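I have placed the structure first, in the form of structure tokens, so that the comments after it can refer back to it.
Everything numeric here is computed off the predicted structure, so don't read it as measured data. In what follows, every chain begins at residue 1, and chains take the letters A, B, ... in the order their sequences are listed.
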Number of protein chains: 4
Amino acid sequence: MTKSETAHPRHAGATRRRILDAALGEFSTHGFDGARVDRVAASAEVSKPMIYSYFGDKDALYKAALKEAYVQIRAGEREIATEHMDPEEAIRKLVRFTMEHFVQKPWFITMLNTENLRKGETVREIENVVEIQSTLIAQLRNILERGAAAGQFRTGIDPAELYVMMASLCFFPVSNRHTLRVVFEVPIDAAWLTRQAEEAGEMLVRYLRIDPGSETPKQTN
Amino acid sequence: MTKSETAHPRHAGATRRRILDAALGEFSTHGFDGARVDRVAASAEVSKPMIYSYFGDKDALYKAALKEAYVQIRAGEREIATEHMDPEEAIRKLVRFTMEHFVQKPWFITMLNTENLRKGETVREIENVVEIQSTLIAQLRNILERGAAAGQFRTGIDPAELYVMMASLCFFPVSNRHTLRVVFEVPIDAAWLTRQAEEAGEMLVRYLRIDPGSETPKQTN
Amino acid sequence: MTKSETAHPRHAGATRRRILDAALGEFSTHGFDGARVDRVAASAEVSKPMIYSYFGDKDALYKAALKEAYVQIRAGEREIATEHMDPEEAIRKLVRFTMEHFVQKPWFITMLNTENLRKGETVREIENVVEIQSTLIAQLRNILERGAAAGQFRTGIDPAELYVMMASLCFFPVSNRHTLRVVFEVPIDAAWLTRQAEEAGEMLVRYLRIDPGSETPKQTN
Amino acid sequence: MTKSETAHPRHAGATRRRILDAALGEFSTHGFDGARVDRVAASAEVSKPMIYSYFGDKDALYKAALKEAYVQIRAGEREIATEHMDPEEAIRKLVRFTMEHFVQKPWFITMLNTENLRKGETVREIENVVEIQSTLIAQLRNILERGAAAGQFRTGIDPAELYVMMASLCFFPVSNRHTLRVVFEVPIDAAWLTRQAEEAGEMLVRYLRIDPGSETPKQTN
DNA sequence: AATGAATGAGAATTCATTCAT
DNA sequence: TATGAATGAATTCTCATTCAT
């Protein structure tokens, strides 16, 4: 279905980049079916045939844009350094960072939503997806280990699951801000989200901390 | 249902229902732009002109489906009764319930994502949306008050914000299960989600509990 | 690739017919790749979507037109009756008829040429092609048998092969009239073709007649 | 080759040849409208602008390819020598040769079909087409004269018309082999065509031979 | 002489929507 | 109330052709 994204290895320069950026903007704004190749062309200031020449077809363009979304996000993630911070502080920092990331790069969230609506059909086809995996998980593992070693954190916490929790707390309010605003009249803006990130940090830290009374969380079920 | 805002309020009954159900299925499966009026007609076993006669146009059909999504979800929420439970246990129950809700009615999540991609343009137009607002928030308020009164929970927690946190923890792993599965190789299935709900409950309870050492969360930033 | 030509069993009437006739005209005039769906629509006086609704896609339309070409030709062939004629005369009549057929229905020749350029990919897909097989072969078989019984014709002649010879002699000068006219300055017109048919009849008859001197044709190879 | 009528007569040599061969292959395989300049370029291993530089445009390229088809075919025809053969044998040899020619150079047949679909618009424009006229006609004239002089053949046979008959018998089964195979289940392969050529030779010879009984063919119509 | 990059003008196909009955 | 038939306006994708170097 989708042609290779390396169909034109000779094409290198700026044109491909411009198309890719425009495509990322278009797909993240309108979803796959709502995206228009015409608009990508206009926005990239190239003719439509160039898009087909560089990328093959709409599916392939989408695939390239999706991969680009991951690549850009992961590139940003590589910036934060938490290795030498106090574990609790490191967790809070990661949450803040994640929230900011989602707020400042809203296309990432919409790309993920779009791709999940498509049941992940396209991510699956991206080679090396696993390799571009979040570095946050690695950082979380490190923090968890250091926190446990220092007697601050519980043991047995899976970093991937913790990552999902952290991402959840940041993703949802950003992703759903429009409906939340209307339906619950929650005034979601930058300040609200910043505050939410702090609370999420607090929540995660409390979740990780060794319970003064009992080492194992009591099961009330 | 109160007097409907649809174009042809004269229509009622089973046909309208079938169309609405079909539309909800279609929009939630394919998003707004990916949805096909033909498929709605086929799935509802009516002719296309009927849809136009009953609902006006695709936008109006979408609006009706979106409202229906909220209505159905809220109807489900009215079932849970937590008023007489232990506050901690009530929180856990609410989380479990929310997760199950999202898992069993996946169309709700995709409708919300679709609507947020559209920047909430349509929810805004739905009359009485605020009225169909989650009863969960009311329940949370009650639980928080009872917990605080009992000396178990901290005070000053906004129920709406707590609701967002709870929803976040349940929504994200379900909504993003396809990409999470591929990118992080997290084996998201029913069992995983159930476990995640338990952990989310634990997390929320710990977040709410009065901290033995310090009443107010320390700000390390 | 090609959708079923019975996609719209409810569509019956004149519209389908008009499209089919227009398509036959278009494909036979321009070949498959030169044919334009727009022109078919204009010529049939319907909108393009109707064509897609009735036939599926260009391939399927072509398939229907090709089948129609065979059907129409075979229908014409059913008219000639040679059963009770003198065998030699019957042969001559068949040749004359075939030539006239090709001259008066030139779309048949171009459809065959078009289909052969496509290596018969599409005829192969037409159900019951063999059944719409030329009735001429049956007639030839009958004539050959009667001629042989009457001691006029040689035996051992394969009717299909004889049919190919007869068709060859009529097909080629019509099919290639434009190039023949230019390259060999042969003035191919109705009269010329009529005369050619007479000569072809003579040729076939002489080919079939029992050789006065030797029963078996001498092999000089 | 005499001074070419192509747009850029300055070009010559191997590159032009490669393009021409590629074009002949492309046009004969796909027809005019189905032919792709890209494929010609790829197959000739030159860039597309080269093609335009050498030949002008697609029409001109087609024209050159068509002329080339005739030139190559006529070049082949010059090889056979029948001047000193027994007239009957010469006829048989010519038929065999023609059939082989068509079988081994199938691009000729498809080029002719393509050009006839275009109503000979392009042959007409080729300068000197008449000069590259089949040498077979000259040979046939010679054979007919010798045969008549020897009392073997009838007189009054037009060599051009005889050529058309001979060509018909060889052209049609090759040109239409795909449809014949499917529709009449005639197993057309090399052996079948060879046999057909023998029968065609027999047919032509019988057609030409002086009829012992009646000199002039009887007209029964 | 040669080509990588680029595009205008189509061409097939789709889809929300309406007409006629 | 109900629908089979029909279409205008896109939308994706292609292709002959040219530009710039």
Side-chain angles (χ1 to χ4, degrees), chain A residues 3 8-16 33-41 45-61, chain B residues 8 10-13 15-16 33-41 45-62, chain C residues 3 8-16 33-41 45-61, chain D residues 8 10-13 15-16 33-41 45-62:
Chain A
K3 298 174 190 172
H8 288 256
R10 281 172 302 198
H11 295 312
T15 303
R16 195 190 139 91
D33 291 298
R36 293 292 167 258
V37 176
D38 292 59
R39 277 198 298 248
V40 174
E45 293 181 287
V46 298
S47 63
K48 265 185 293 172
M50 285 313 291
I51 294 177
Y52 289 92
S53 168
Y54 276 89
F55 293 91
D57 62 7
K58 192 183 174 181
D59 277 85
L61 182 60
Chain B
H8 295 257
R10 69 179 184 279
H11 297 302
T15 302
R16 193 189 140 88
D33 290 297
R36 295 292 167 258
V37 176
D38 286 65
R39 278 196 297 246
V40 174
E45 295 180 287
V46 299
S47 64
K48 269 189 292 174
M50 284 307 290
I51 293 176
Y52 285 88
S53 166
Y54 274 83
F55 292 91
D57 62 8
K58 192 184 178 183
D59 277 86
L61 183 60
Y62 169 73
Chain C
K3 297 173 191 174
H8 290 256
R10 282 171 301 197
H11 295 314
T15 303
R16 196 190 139 92
D33 290 299
R36 293 292 167 261
V37 175
D38 291 61
R39 277 197 298 249
V40 174
E45 294 181 287
V46 298
S47 62
K48 267 186 293 171
M50 284 314 290
I51 295 176
Y52 288 90
S53 168
Y54 276 87
F55 293 92
D57 61 8
K58 193 182 174 181
D59 277 85
L61 182 61
Chain D
H8 295 256
R10 68 181 186 278
H11 296 302
T15 302
R16 195 189 140 88
D33 290 297
R36 294 291 168 259
V37 176
D38 286 64
R39 278 197 297 246
V40 174
E45 294 181 286
V46 299
S47 64
K48 269 188 293 173
M50 286 305 291
I51 293 176
Y52 286 88
S53 167
Y54 273 83
F55 292 91
D57 63 6
K58 191 184 178 181
D59 278 85
L61 183 60
Y62 169 73

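Residue C:Y54 places at least one side-chain N or O closer than 4.0 Å to OP1 or OP2 of F:dA6. Distances shown here put a side-chain N or O of C:T15 below 4.0 Å from the OP1 or OP2 atom of F:dA6.
Contact annotation for A:D38: base contact, defined as any heavy-atom pair under 4.0 Å involving a base atom. Contacts of C:A41 with the nucleic acid, taken as non-hydrogen atoms under 4.0 Å apart, are absent.
Nearer to the 5' terminus of DNA chain E, by closest-nucleotide assignment, is the contact made by D:V46 (compared with the other of D:V46 and B:D57). Nearest-nucleotide mapping onto DNA chain E: of D:S47 and B:D59, the residue sitting toward the 5' end is D:S47. Along DNA chain F, the nucleotide nearest A:D33 and the nucleotide nearest B:P49 are compared for position; the residue whose nucleotide lies closer to the 5' end is B:P49. Each of D:R36 and A:V37 lies near DNA chain F, and the nucleotide nearest A:V37 is the one positioned closer to the 5' end.
Across B:S47 and B:A41, no two heavy atoms sit closer than the pair C-CB, 4.2 Å. The two residues A:V37 and A:K48 make their nearest non-hydrogen contact at CG1-CG, 4.0 Å.
For A:Y52 and E:dA6, the OH to C1' distance is 16 Å, given to the nearest whole Å. Distance CZ (B:R39) to P (E:dC15): 8 Å, rounded to an integer number of Å. Here the P atom of nucleotide E:dA12 and the CD1 atom of C:I51 are 10 Å apart, to the nearest Å. Look at CE on A:M50: it is 12 Å from P on E:dG8, rounded to the nearest Å. Rounded to whole Å, the distance from CZ on A:R16 to C1' on E:dA6 is 17 Å. Distance A:F55 CZ to F:dC13 P: 14 Å, rounded to the nearest Å. Rounded to whole Å, the distance from NZ on C:K58 to P on E:dA11 is 9 Å.
By the side chain to side chain contact (heavy atoms under 4.5 Å, CB included) test, D:D59 is found to be paired with D:F32, D:D57, D:R118, residues two or more places apart in sequence or in another chain being considered.
Under the Watson-Crick or G-U wobble criterion, with both distances below 3.5 Å, E:dT21 is paired with F:dA2. Base-pair partner of F:dC15: E:dG8 (Watson-Crick or G-U wobble, both distances under 3.5 Å).
Atom CZ of B:R16 sits about 11.5 Å away from atom CE of B:M50, to the nearest 0.5 Å. One finds the OG1 atom of C:T15 at 11.0 Å from the CD atom of C:E45 (value rounded to the nearest 0.5 Å).
The base of F:dT3 does not come close enough to the side chain of B:K48 for any donor and acceptor atom to sit less than 3.5 Å apart.
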